[in-house]
Amino acid sequence: MKKKINIFSYFVIDIFIVFTSFMIMAWIKPATKTKVLPNYWQSLIYLEIAWILYSAIFKKFNLIDQRSLRKLLTQTFLINYSFLSIITILLIGLKLVNYSRLIILGTILTTSFIEIIFASLSHYIRYKMQDRPILKNWFKIYFFAGIDILIVIFSFLLFAWVKSATIRIVIPQYTLYVLELVGYWLIISTIFQKYTFFKMKRFREIITKLIITDFIILSSITFFMLAFKTIHLSRFIFFGTFGTATLLEIFFAWIYFYAIKFDAEMPDFSHSTLVSHLKEPEDITETENNVPQKIKKVERYDPEFAKPIGIHESILVKLLNKYLKKEEKLFEFLNDSLALENIHKNNSTIINTATSFNIEHYDENSIEFFVNLHKLNDFRRINRYFIKVNEILKIGGVFVGCGETINERYNSIVNKYPKLISIPMFIIDFSFNRILPKISFLKGIYFAVTKGKNRPISKCEILGRLHSCGFKVINEKEIDGVQYYVAQKIEQPSEDKNPSYSPVFKMRRSGKGGKKIFVYKFRTMHPYAEFLQTYMVENYGYGDKGKVEADFRVTTWGKFMRKLWLDELPQLYNFMKGELSIVGVRPLSDRFLKEYPEDLKKERFKYKPGCVPPYVALRMQAVENYIESERIYLKEKKKHPIWTDIKYFWWAVFNILTNRIRSE
């Protein structure tokens, strides 16, 4: 059955494309923006209206359902070309010579070009990419070819900079030659299949392929240089570019090879991809209750093992007089969190090690109280360590540990060095120790160099890992720049071996007709946040907007993205797939959908969910108002489908831009 198209959605996209094209042309125009923009705003409005009306008359927005890509592009081109012809005739016929041809005609041509790209991409996503992996071999080939272009250009610029003549003189003289070099480099590399090196299993084969191909390129070009008498070109720049490019290619291939090898040797190690690879889609944004809750007070946990025992038989005396004799704050924290007097010292273990081997000899379900005073930051495989601790503890047993969080690392660097030095040092430290191991392409090299030691970990990740490995966090506290936790074993570890670090995650939602779809969002929380939903609700409660109060799981950049609603941008992928419209009811999870009345469920299933929900336009952000906002929207949409979406869209844009509504 042919899919229906939400005309308004493409109407909004087209307005944005025309506006973007106009701004590009205004920026390119030699005259300053202060002169161009004021004089052309009125013309832009007229052009927008004319473009949309012309597109509507010829039903251009309906073409997106065309299954033949050739027909889609041909008809789009013909409609846009006819519009360009009419505008050209009007400009000449009415002698509108005062208008910039670059601004007017350039805007139309750029808009047509962007439309064709958008239509092609949308068509591919809708009809060609269903049930296919996003990263195919062809994508890798194009990716490596793009990297190769950058390598060649960088190598040339490097030697142009080193050359005794100034860059201002060298680059203009060599621009044409460099373009020819890049083109020839790509052609020969493609013919000899250099960009398929990722299929090779031995690094020696990869090096051989790269060196042989580059030597063929070098010998061929030197032949042409001799034949066409271009030997006047700088040999220093020419051979330097070739040598450097080849070395960089080998280095790049080395990184890639060992990154793939790292994945193959440790398939259970958490890794990063573009989109979340969790077995179950993450659901960390919605809440079950509508009523704000109070923050829960931490109660002293009393493990129910053999009781009563004498005070001298308990672990309390041993901790106070021996292990934590000089750690008064830590002892007070543990004593406030646990009934230490009821934990037997013979069933307890206190160690300080980053080597998992030291706990391998313990029998399963044999320990009541396990303490490791070594920071988690030096454990290469934290989850494997947590799982082993889970195995040796009895059900209800207590696990105490610590780690340095990102915030604590920042404070230690800032307090130790002057600000001019400390901020750059923290950025370098964060980039190397936090970002690098998350990049699938580079993590193999990172762990080979650092052995996984001294990595800063977010508080969210520490607590989330504990919950994913079968623990319940009883209490946590920062003491002297170190985050300590007390956790109780409540179950076996989660079967999900690969919690997501991905920048994009997916959520299972109900679409039109109740069909299940996956809605995408940018990650704004630290890794393992999905395992802490219950913990956050129990300990921090909900605010009046249905969001967890004081949510430390949200990253600094996540707060910024939420404020500007940027975390919702990946939903454009759902829009291009035809699963969402620009404006519509919220795409809901099964859990949240249960709270909706049956009549409203039936009504909302008649339409596609939207990227922009009604509560944003109506400023009804409180949880109890979600349902009412959708009733109002659906009632209006039933009478005036397109006009309702237009109205709600602009209301929503106005509310966001004027800060009348915020994403939490």
Side-chain angles (χ1 to χ4, degrees), residues 269-270 323-324 326-334 337 350-356 358-359 370-386 388-389 399-419 421-438 443 446-447 449-469 471 473-487 499 501 525-529 531-532 535 550-558:
F269 196 82
S270 294
Y323 295 109
L324 301 180
K326 297 181 180 180
E327 303 286 345
E328 294 182 7
K329 293 180 182 178
L330 178 56
F331 176 80
E332 289 178 6
F333 166 64
L334 295 181
S337 306
I350 296 94
I351 59 176
N352 189 334
T353 181
T355 306
S356 298
N358 292 331
I359 62 173
F370 181 87
V371 180
N372 190 349
L373 299 177
H374 199 96
K375 295 178 184 178
L376 289 172
N377 310 77
D378 290 336
F379 282 84
R380 179 169 179 173
R381 299 175 182 136
I382 297 175
N383 278 18
R384 184 174 294 184
Y385 161 60
F386 281 176
K388 184 58 185 176
V389 175
F399 174 28
V400 177
C402 63
E404 183 183 38
T405 66
I406 297 172
N407 290 338
E408 290 154 1
R409 175 74 65 89
Y410 172 78
N411 292 332
S412 66
I413 293 175
V414 169
N415 295 331
K416 189 175 181 180
Y417 302 99
K419 233 177 184 180
I421 301 175
S422 62
I423 300 300
M425 283 186 64
F426 175 74
I427 293 173
I428 294 171
D429 179 84
F430 183 87
S431 301
F432 181 76
N433 289 306
R434 189 67 182 166
I435 298 177
L436 208 62
K438 300 294 189 295
K443 66 177 182 289
Y446 172 83
F447 284 106
V449 173
T450 66
K451 307 302 180 185
K453 294 184 178 181
N454 199 34
R455 287 182 294 155
I457 312 170
S458 67
K459 174 182 174 181
C460 172
E461 186 173 340
I462 293 175
L463 304 187
R465 284 180 183 268
L466 285 166
H467 279 265
S468 74
C469 292
F471 294 97
V473 176
I474 299 170
N475 202 1
E476 44 87 11
K477 186 179 181 180
E478 179 187 338
I479 302 174
D480 296 330
V482 179
Q483 186 74 35
Y484 287 88
Y485 58 82
V486 178
Y501 286 94
M525 291 186 174
H526 289 289
Y528 287 85
F531 293 99
L532 288 178
Y535 174 82
D551 199 339
F552 59 79
R553 298 176 300 169
V554 182
T555 62
T556 302
W557 57 87

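All figures in this text were calculated on a predicted structure; none of them were measured in a lab.
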(request) Compute whether any side-chain donor of one residue and acceptor of the other, for Asn433 and Asp429, lie under 3.5 angstrom apart. (result) yes
(message) Using 0.5 Å steps for rounding, measure from the CD1 atom of Ile423 to the CD1 atom of Ile413.
(response) 9.0 Å
(message) Could you check whether any side-chain N or O of Asn377 sits under 3.5 Å from a backbone N or O of Glu404, counting only pairs where one atom can act as donor and the other as acceptor?
(response) yes
(message) If we check side-chain hydrogen bond (donor to acceptor under 3.5 Å, both in side chains) with Gln483, which of these qualifies: Glu476, Lys459, Glu478?
(response) Glu476
(message) Can a donor-acceptor pair be found, under 3.5 Å and without considering hydrogens, that links the side chain of Arg553 to the backbone of His526?
(response) no
(request) Would you name the heavy atoms of Asn454 and Asp378 that are closest together and state the gap between them? (result) N-OD1, 2.9 Å
(message) Would you call the rings of His374 and Phe379 parallel, tilted or perpendicular, taking 30° and 60° as the class edges?
(response) perpendicular
(request) Check whether any side-chain heavy atom of Leu466 sits under 4.5 Å from a side-chain heavy atom of Tyr485, and report yes or no. (result) yes
(request) Would you check, one step at a time, whether the test side-chain hydrogen bond (donor to acceptor under 3.5 Å, both in side chains) holds for Asn372 with Tyr385? (result) CA-CA 11 Å; Asn372 190 349; Tyr385 161 60; 3.0 Å; yes
(request) State, yes or no, whether a side-chain contact exists between Ile457 and Leu376 at a heavy-atom distance under 4.5 Å. (result) yes
(message) I want to check something: taking the side chain as every heavy atom from C-beta on, are Tyr528 and Ser468 in contact at a cut-off of under 4.5 Å?
(response) yes
(message) Pair Phe333, Ile479 - check side chain to side chain contact (heavy atoms under 4.5 Å, CB included), show working.
(response) CA-CA 9 Å; Phe333 166 64; Ile479 302 174; 3.9 Å; yes
(message) Checking Ser458 against Ile406 for the side chain to side chain contact (heavy atoms under 4.5 Å, CB included) test, could you report, in this order, the C-alpha distance in whole Å, the side-chain angles of both residues, the deciding distance, and whether it holds?
(response) CA-CA 5 Å; Ser458 67; Ile406 297 172; 3.9 Å; yes
(request) Please lay out, stage by stage, how Val400 and Leu334 fare under the test side chain to side chain contact (heavy atoms under 4.5 Å, CB included). (result) CA-CA 9 Å; Val400 177; Leu334 295 181; 3.8 Å; yes
(message) Using a 3.5 Å distance criterion without hydrogens, assess whether the side chain of Glu332 forms a donor-acceptor pair with backbone atoms of Lys329.
(response) no
(message) Quick one: does any side-chain atom of Asn383 pair with a main-chain N or O of Arg465 as donor and acceptor, under 3.5 Å?
(response) no
(request) For Gly403 and Ile462, work out which heavy atoms get closest and say how close. (result) CA-CD1, 4.3 Å
(message) How close do Cys460 and Phe552 get, counting heavy atoms only, and between which atoms?
(response) CA-CE1, 3.8 Å
(request) Determine whether the aromatic ring centres of Phe331 and Tyr323 lie less than 6.0 Å apart. (result) no
(request) Please state whether the rings of Phe399 and Phe471 are parallel, tilted or perpendicular, taking 30° and 60° as the class boundaries. (result) tilted
(message) I want to check something: taking the side chain as every heavy atom from C-beta on, are Leu373 and Leu324 in contact at a cut-off of under 4.5 Å?
(response) yes
(message) Please report the interatomic distance NZ(Lys416) to CD1(Ile421), rounded to the nearest 0.5 Å.
(response) 12.0 Å
(message) Counting only heavy atoms from other residues, nucleotides and ligands, does the tally under 6.0 Å from CZ of Phe432 exceed 12?
(response) yes
(message) Around atom OH of Tyr410, are there more than 12 heavy atoms from other residues, nucleotides or ligands closer than 6.0 Å?
(response) no
